[in-house]
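Quick note: residue numbers are just sequence positions, from 1. As the structure is a computational prediction, the values presented were derived from the model and not from experiment. For ligands, and for the atoms within them, numbers begin at 1 and follow the listed sequence.
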Amino acid sequence: MGKVKVTFADSEKTVTVPSGTRLIDISQDADTGIVYGCRQCNCGTCMVEVVDGEDGLYPPSVLEIKVLEHHEGGAHSRLACQAKVVGDVALRPRPRD
Ligand code: FES
């Protein structure tokens, strides 16, 4: 399995991780502070905005799309607890109200 680069745009931190790793695990290991709740594709708390390299993530599942829509995620939004990396990607936490 190859390695990919994940950049957290808000903290300007870039880490190299194995392909197939979930964003939330990468964030925790890199101490980037993406907030999460259920980790089970339910609460929407872990929503992030992909700012570059959307092809660097596995496509969202039907359930992830449903949760993103329910929590008003934009076109470039993903759930960090669900999205797995397959290529280089840059993201930032979804702005909070
Ligand atoms: S932590 Fe709840 S949907 Fe990701």
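Each of the atoms 1 (S), 3 (S), 4 (Fe) of ligand 1 lies under 4.0 Å from some heavy atom of C81. Counting the atoms of ligand 1 from 1 in the order shown, those under 4.0 Å from a heavy atom of C41 are 3 (S).
Distances from ligand 1 to the non-hydrogen atoms of V67 include no value under 4.0 Å.
Proximity of V4 to T16: side-chain heavy atoms (C-beta onward) are nowhere separated by under 4.5 Å. Residues L79 and M47 are in side-chain contact: their nearest non-hydrogen atoms beyond the backbone lie under 4.5 Å apart. Two residues are said to be in side-chain contact when any heavy atoms from C-beta on lie closer than 4.5 Å; V67 and N42 fail this criterion. Residues I34 and L91 form a side-chain contact, since some pair of their non-hydrogen atoms from C-beta on lies under 4.5 Å apart.
For atom 2 (Fe) of ligand 1, the N/O/S atoms of C43 include one lying under 2.8 Å. Residue C38: an N/O/S atom is found under 2.8 Å from atom 2 (Fe) of ligand 1.
With respect to the salt-bridge test (charged N to carboxylate O, under 4.0 angstrom), the residues K3 and D88 do not qualify. Between E49 and R92 there is a salt bridge, since at least one side-chain N of the basic residue sits less than 4.0 Å from a carboxylate O of the acidic one.
If you look at A80 next to ligand 1, there are no close heavy atoms at all, none under 4.0 Å. Heavy atoms of N42 found under 4.0 angstrom from ligand 1 belong exclusively to the backbone.
For atom 4 (Fe) of ligand 1, the nearest protein heavy atom (residue, atom name, distance) is C46 SG, 2.3 Å. Of the protein's heavy atoms, R39 N, 3.1 Å lies nearest to atom 1 (S) of ligand 1. Protein heavy atom nearest atom 3 (S) of ligand 1, with residue, atom name and distance: G44 N, 3.2 Å.
Annotation for K13: atom NZ counts as buried by contact number, over 12 foreign heavy atoms lying within 6.0 Å.
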